[in-house]
Amino acid sequence: AYNNDSTLAICTYVWGIYKSTNRGMTWTAINKGFPSNFRHSHIAFSPNYRSDNTIFISGGINQISKSIDKGNNWSVFKLSNVSNVITLPT
């Protein structure tokens with residue numbers, strides 16, 4: 001995402017996810033929709049983030065979250081045997 005619009009995101013285990021849209025000058029928490037016990041561990045932008053605004057987060061036990069609006073809202077899904085989110089270059 002950074003190359004297209006200066007967006008960065010970080011994910012912390014306890015405090016949640018933060019996003020910057022100005023190359024890291026300022027950061028905003030984007031945690032709406034997560035249960036209080038969700039433990040964030042990995043973050044990945046969709047390879048088509050510029051057009052689909054999708055971000056993925058893994059964390060907790062077999063949980064993955066997806067935002068389709070640049071991290072403003074999240075949906076949490078329970079899956080089996082998920083430990084990491086991986087994106088491949090396009």
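Just so you know, residue 1 is the first one in the sequence shown, and it goes up from there. Please read these numbers as outputs of a predicted model, since none were measured by experiment.
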Inset, instruction - Only counting residues at least two apart or in another chain, list the ones meeting side chain to side chain donor-acceptor pair (under 3.5 Å) with K32. - result: N73
Legend entry - Residues which pass side chain to side chain donor-acceptor pair (under 3.5 Å) with T26, listed by chain and number, not counting sequence neighbours: N22
Inset, instruction - Return yes when atom NZ of K19 has more than 12 non-hydrogen atoms of other residues, nucleotides or ligands closer than 6.0 Å, and no otherwise. - result: yes
Inset, instruction - Might you point out which heavy atoms bring G71 and I30 nearest each other, and give the distance in Å? - result: O-CB, 3.2 Å
Legend entry - R23 versus S6, closest heavy-atom pair with distance: NE-OG, 2.9 Å
Legend entry - Side-chain (W27) to main-chain (L8) donor-acceptor, under 3.5 angstrom: no
For [X], side chain to side chain contact (heavy atoms under 4.5 Å, CB included) partners two or more places apart:
X	result
T54	S46, D52, F56, K66, I68
T28	none
N31	I17, A29, F34, H40

Inset, instruction - Can you measure from OG1 (T7) to NZ (K70) and round to the nearest 0.5 angstrom? - result: 6.5 Å
Inset, instruction - Side-chain contact test, heavy atoms from C-beta onward, threshold under 4.5 Å: evaluate it for I55 versus I43 and give yes or no. - result: yes
